[in-house]
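Comments concern the structure below.
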2 protein chains.
Amino acid sequence: MAVTIKDVAKIANVAPSTVSRVIANNPRISEKTKKRVREAMEELGYHPNFIARSLANQSTQVIGLVMPASADKTFQNPFFPEVLRGISTAAHEKQYALQMSTGVTGNEILEGVMQMVQGRRVDGIILLYSAVEDKIIKYLQKECFPFVVIGKPFEQVEEITHVDNDNYRAAKEATQHLIGLGHKRVAFVGGSIQLVVTIDRLLGYEKAIRDAGIPYKDEYIIHEEFLKEGGQEAISELLSLDEPPTALVVSDDLMSLGILNTLHDMGISVPDQMSIVSFNNVLLAEVARPPLTSVDINIFQLGFQAAKTLIQKVKDPSEPTKRIIIPHTMVKRQTCKDMTK
Amino acid sequence: MAVTIKDVAKIANVAPSTVSRVIANNPRISEKTKKRVREAMEELGYHPNFIARSLANQSTQVIGLVMPASADKTFQNPFFPEVLRGISTAAHEKQYALQMSTGVTGNEILEGVMQMVQGRRVDGIILLYSAVEDKIIKYLQKECFPFVVIGKPFEQVEEITHVDNDNYRAAKEATQHLIGLGHKRVAFVGGSIQLVVTIDRLLGYEKAIRDAGIPYKDEYIIHEEFLKEGGQEAISELLSLDEPPTALVVSDDLMSLGILNTLHDMGISVPDQMSIVSFNNVLLAEVARPPLTSVDINIFQLGFQAAKTLIQKVKDPSEPTKRIIIPHTMVKRQTCKDMTK
DNA sequence: TTGTAAGCGTTATCAC
DNA sequence: GTGATAACGCTTACAA
């Protein structure tokens, strides 16, 4: 059995409670005893038992992470390592550990979340995605359990703390950029319509199109999963139209990569015959050929702020609901052609 | 306060210990009382408290995951989501939760691991990478804490349970494939030499070269990080040689992608002027242009078996040390030219 | 400033 | 079969 607070107390000739206070660095303990106790801890190689502490404290110092179903292709998106890096950094700063959901299907994940919550395994939860009609959000609300979502909640936006980009504006700007370059036939290729981010970006695209007085065409709207195969199917459909688009707003870099390669195979040159504005600006955007013009949504910050906000909320449950918007910037590379020249 | 075992006991008119036995489905409890207790649990919406259970049990049902430093570019490699998926699947099956290391530097991570172990936060640990001179492995060995490493340990291979590919053989075969195609000038582009996988693959490459009676040249060996910038630098060096290679063995798909694009920018055609065999066969390999011939190392299985093996070990500490080798297969696509034709 | 003792929600060891 | 009761290792009133 490992060395406990009692062993330390014995060696240091104090009561267990005193040792506990030294650990918490309670100011009411004299420096002299603190020193003595610390020496004893050192001598015995004492390390506090987190589990015991959690039970006494009713707090685990653990944040639960809900990822999309690992069956889901979304899981492969480079978005996740990067949010994770943001979350991890913030969590580490505040001494929180991270626990991930497991499970392949949506229901398995919901069950996992219930275990986390009811089993008191975590102090709060971050949802790493936002989908329509999400059971998990509903459950967490019912339980009044602290959580924050990355992305915009589908419903009750005002009542749920979340960290998001202004995806509506970002997509509007991206589309306007293309329009400003003289493109009149601009299509939209989005990820799963189940994801709120897709909806927001589509709305922003639509707004820009209508504002420019360009007719909005349903055939120009394509939804596919956030993945490369998706991109390839999507592009074939689009190109077989009577009036194929000269430019694309693509909701994700991975998808753009797929599209780029499909176009390459078809002998269509980017940006000469087709312009693209992509989203997320992950590593792939830089490494693609030609390098993608992509809206940088600051993924790291999305994660970092989410963790920071959640921890505040956990520590002070009276914290008001918050909406945090992370700024975006368009990084111009080489996938947009100026039609006016 | 949440509903506890005592509340259930009161409602069901039994002792708390009986409720506990019902939860554990102890056969010595009569079906009648079981039913009564279960109804009471249902009625109150009871859920067991994992923390309390852990304390009483000395077991957390949590597996700790040690990722490479998130500062590290390795973190961005699509390898990780995929191992994670494997680990997650196995863990879920056996009802284990997953806790990740946080921390940006190597030392921060080591501290985190110490917290996991000493704080009794996890029952066992999986290392998701294997580097030379690893402090974490040494620490875990000293503590006699159950762990398994994904990849081959640098030292004491026989004493450490690990799940790996036969990277030596895989690299040898990949190189032989190129040689069989008539290539005599084959270079090796590997990731960080700190990683054992790089070393193994380099050794396999060397063996194939020597076996074929081709002189082994130091200038043909390049080490860079597992990332795209790396690939780009590497290729420039290689091409400026007096006798530039006609084929490359590249230790990672992400790196290959960078190389592919650099070659494209330089106007060098793949596979006509340069052949490539890559490793890992992640999504990127398929989506690259041209699609990469890549050695599939079955990343999912690497993770799945690691988790499964660890759980066995946790449940039965007397389990012997194991080495599990996951088979690889070369997936031929379009980056290798047959020079004999 | 420090010690005593109760409690956190379980499980496990005895009894009966 | 089931019930008391003592752990598990820590925190935190309340006393002193």
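Only a predicted model underlies this, so the values are computations on that prediction, with no experimental measurement involved. Lettering of chains follows the sequences in order, A, B, ..., and the numbering in each one begins at 1.
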remark   = Assign each of B/Arg28 and B/Ala52 the nucleotide of DNA chain D bearing its closest heavy atom; nearer the 5' end lies the nucleotide of B/Arg28

inquiry  = Expressed as a whole number of angstroms, how long is the span from B/Arg121:CZ to D/dG9:P?
reply    = 17 Å

ask   = Any side-chain N or O of A/Ser30 less than 4.0 Å from the OP1 or OP2 oxygen of C/dT2?
value = yes

query = What does A/Tyr46 touch in the nucleic acid at a heavy-atom separation under 4.0 angstrom: a base, only the sugar-phosphate, or nothing?
reply = sugar-phosphate

key: Distance below 4.0 Å between B/Thr4 side-chain N/O and C/dC8 OP1 or OP2   = no

request  = Determine whether any donor atom in the side chain of B/Arg21 lies under 3.5 Å from an acceptor atom in the base of C/dT13, or the reverse, and answer yes or no.
outcome  = yes

Closest nucleotide among C/dG3, C/dG9, C/dT1 to the B/Leu55 side chain = C/dG9

key: Candidate nucleotides D/dC8, D/dC10, C/dT1, ranked by approach to the side chain of A/Ala56 - the nearest   = D/dC10

query = Contact class for A/Val14 vs. all strands (heavy atom < 4.0 Å): base, sugar-phosphate, or nothing?
reply = sugar-phosphate

inquiry  = Rounding to an integer number of Å, can you tell me how far A/Met41 CE sits from D/dG9 P?
reply    = 17 Å

message = Side chain of B/Ile23 only, heavy atoms from C-beta on: which candidate in C/dT11, C/dG9, C/dT1 is closest?
response = C/dT11

key: A/Asn26 CG - D/dC10 P separation (whole Å)   = 17 Å

Modelled atom types, side-chain donor and acceptor of B/Thr105 and B/Asn107, under 3.5 Å = no

query = Should B/Gln58 be listed as having a side-chain N or O under 4.0 Å from OP1 or OP2 of C/dA12?
reply = no

message = Pick the closest DNA chain C nucleotide for A/Ser17 and for B/Asn49 by heavy atoms, then say which residue is nearer the 5' end.
response = A/Ser17

task = Establish, with yes or no, whether the OP1 or OP2 oxygen of D/dT12 is under 4.0 angstrom from a side-chain nitrogen or oxygen of A/Asn57.
result = yes

request  = Could you check how far CG of B/Asn25 sits from P of C/dT11, rounded to whole Å?
outcome  = 13 Å

key: Distance in angstrom units between A/Lys6 NZ and C/dG3 P, rounded   = 15 Å

query = D/dC8 P sits how many Å from A/Asp7 CG, rounded?
reply = 11 Å

query = How long is the line joining CZ of B/Arg120 and C1' of D/dC10, in whole Å?
reply = 14 Å

inquiry  = By the 4.0 Å heavy-atom rule, please label B/Pro16 as base, sugar-phosphate, or nothing.
reply    = nothing

task = Round to the nearest Å and state the distance from A/His47 atom NE2 to D/dC10 atom C1'.
result = 16 Å

key: Residues A/Lys138 and A/Glu133 bridged, charged N to O under 4.0 Å   = yes

task = Please determine which of B/Lys135, B/Glu143, B/Gln141 meets the side chain to side chain contact (heavy atoms under 4.5 Å, CB included) test together with B/Tyr139.
result = B/Glu143

query = Within the structure, does a side-chain N or O atom of B/Thr33 lie under 4.0 Å from either OP1 or OP2 of D/dT2?
reply = yes

key: Phosphate OP1/OP2 of C/dT11: any B/Ser20 side-chain N/O under 4.0 Å   = yes

remark   = Of C/dT10, C/dT4, D/dC10, the nucleotide closest to the side chain of A/Ile5 is D/dC10

message = If only side-chain N and O atoms count, and only distance matters, is there a donor-acceptor pair under 3.5 Å linking A/Ser17 with A/Ser20?
response = no

Phosphate OP1/OP2 of D/dT11: any A/Arg53 side-chain N/O under 4.0 Å = yes

ask   = Would you call A/Glu82 and A/Arg85 a salt bridge, using N to O less than 4.0 angstrom?
value = yes

message = Please classify the nucleic acid contact of B/Asn13 as base, sugar-phosphate, or nothing, using heavy-atom distances under 4.0 Å.
response = sugar-phosphate

ask   = Does a donor on one side chain sit under 3.5 Å from an acceptor on the other, for B/Lys322 and B/Gln312?
value = yes

